[in-house]
Enquirer: 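My questions all concern the structure below.
Every value quoted in this text rests on a predicted model; they were computed, and no experiment measured them.
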Amino acid sequence: MPELKPPCLAVENYQMGCHAELWPVFYSAIHEVCREHYTQVQIRAWAPDNLDKGIWKNKMEAIKPFVARIDGRVAGYADIQADGLIDHFFVHADYQRMGVGRALMHKILESGAAMPQLYSHVSITAKPFYSHYGFRATQENRPLIRGVALTNYLMKKTPP
């Protein structure tokens, strides 16, 4: 019987031009992972099928997220901004519960260790994950995305 090789998980810095590889992560995380907590109308507003790819490219190149790969395939991505904001944190539906989120969060916490505070606007789905890493919900929000209200939480953490 052949020996099973564990998948190789690596987290790397964003490379200009890899924005197209990140879209399927964002789309599947919202359309597949978040569907337990959000309606189809909310999901389609949050991650529309027809999002302008130029807007997407500009966003990814502005936030420059860390990119997690398993055996070379993009499995997730997350960023941290200079003010401590974690703007995007998504794991592809096919790579849930494989250590991708944990690896990205460790990279975020390492990168933000000298910051006075880390914070994010976190989905209902992601709230338990962030809580596990010491983030605390300080406010419930109902932002409008493309005219549709969604619930999320402002979560904050003060690094040790």
Enquirer: Do S120 and D87 have side chains that approach each other closer than 4.5 Å (heavy atoms only, starting at C-beta)?
Expert: no
Enquirer: Do you know the tightest heavy-atom contact between L22 and P65?
Expert: CD1-CG, 3.8 Å
Enquirer: Under the side chain to side chain contact (heavy atoms under 4.5 Å, CB included) rule, what do I108 and Y133 come out as? Steps first, then yes or no, please.
Expert: CA-CA 11 Å; I108 294 289; Y133 287 96; over 6 Å; no
Enquirer: How far apart are the closest heavy atoms of L154 and Y119, and which atoms are they?
Expert: CD1-CD1, 3.9 Å
Enquirer: Answer yes if M16 and W23 sit in the same cluster of Ile, Leu, Val, Met, Phe, Trp and Tyr residues linked by side chain heavy atoms under 4.5 Å apart, and no otherwise.
Expert: yes
Enquirer: Could you check whether any side-chain heavy atom of F66 comes within less than 4.5 Å of a side-chain heavy atom of E12, counting everything from C-beta outward?
Expert: no
Enquirer: Applying side chain to side chain contact (heavy atoms under 4.5 Å, CB included), run through V33 and Q96 and close with a yes or a no.
Expert: CA-CA 9 Å; V33 180; Q96 297 289 308; 3.7 Å; yes
Enquirer: Is there a side-chain contact between V25 and V91, using heavy atoms and a 4.5 Å cut-off?
Expert: no
Enquirer: Any heavy-atom pair between the side chains of N58 and K53 that's under 4.5 Å?
Expert: no
Enquirer: Do R136 and M155 touch side chain to side chain, with heavy atoms closer than 4.5 Å?
Expert: no
Enquirer: Inspect the surroundings of CD in Q139 and state if more than 12 heavy atoms from other residues, nucleotides or ligands are less than 6.0 Å away.
Expert: yes
Enquirer: Hey, does V100 have a side-chain heavy atom less than 4.5 Å from the side chain of I70?
Expert: yes
Enquirer: For the side chain of N141 and the backbone of P143, is there at least one donor-acceptor N/O pair under 3.5 Å apart?
Expert: no
Enquirer: Test F135 against I86 for side chain to side chain contact (heavy atoms under 4.5 Å, CB included), laying out the working first.
Expert: CA-CA 12 Å; F135 285 78; I86 302 165; 3.8 Å; yes
Enquirer: Any heavy-atom pair between the side chains of E140 and T151 that's under 4.5 Å?
Expert: yes
Enquirer: How far does CD of Q42 sit from OG of S123, to the nearest 0.5 angstrom?
Expert: 11.5 Å
Enquirer: Where do Y27 and H92 land on the side chain to side chain contact (heavy atoms under 4.5 Å, CB included) test, with the steps shown first?
Expert: CA-CA 8 Å; Y27 189 89; H92 194 287; over 6 Å; no
Enquirer: Do I43 and R35 have side chains that approach each other closer than 4.5 Å (heavy atoms only, starting at C-beta)?
Expert: yes
Enquirer: Can you tell me how far apart CZ (F26) and CH2 (W46) are? Round to the nearest 0.5 Å.
Expert: 7.0 Å
Enquirer: Are F129 and F89 near enough that their ring centres are under 6.0 Å apart?
Expert: yes
Enquirer: Nearest 0.5 angstrom please: T125 OG1 to H37 NE2, how far?
Expert: 5.0 Å
Enquirer: Please name the pair of heavy atoms, one in A149 and one in L144, separated by the smallest distance, quoted to 0.1 Å.
Expert: N-CD2, 3.5 Å
Enquirer: Are the aromatic ring centres of F90 and H88 under 6.0 angstrom apart?
Expert: yes
Enquirer: Decide whether L85 and Y130 are clustered together by the hydrophobic rule: side chain heavy atoms of Ile, Leu, Val, Met, Phe, Trp, Tyr closer than 4.5 Å, transitively.
Expert: no
Enquirer: Find the distance between CG (D49) and CZ (R44) and round it off to the nearest 0.5 Å.
Expert: 8.5 Å
Enquirer: Does K127 make a cation-pi contact with Y153, if we ask for NZ or CZ under 6.0 Å from the ring centre and within 45° of the axis?
Expert: yes
Enquirer: Quick check on the hydrophobic clustering: are L109 and V11 connected, directly or via other members, by side-chain heavy-atom contacts under 4.5 Å?
Expert: yes
Enquirer: Would you confirm whether Q81, through its side chain, and I63, through its main-chain N or O, come within 3.5 Å as a donor-acceptor pair?
Expert: yes
Enquirer: Of all the heavy-atom pairs spanning S28 and A93, show the shortest one and how long it is.
Expert: OG-N, 3.0 Å
Enquirer: Drop me the distance from K107's NZ to R102's CZ, to the nearest 0.5 angstrom.
Expert: 16.0 Å
Enquirer: Could you state the interatomic distance from CG (D79) to NZ (K59), rounded to the nearest 0.5 Å?
Expert: 7.5 Å
Enquirer: Any link between V74 and M105 through a network of hydrophobic side chains (Ile, Leu, Val, Met, Phe, Trp, Tyr) touching at under 4.5 Å?
Expert: yes
Enquirer: Can R73 and D94 be counted as an ion pair, charged N to O under 4.0 angstrom?
Expert: no
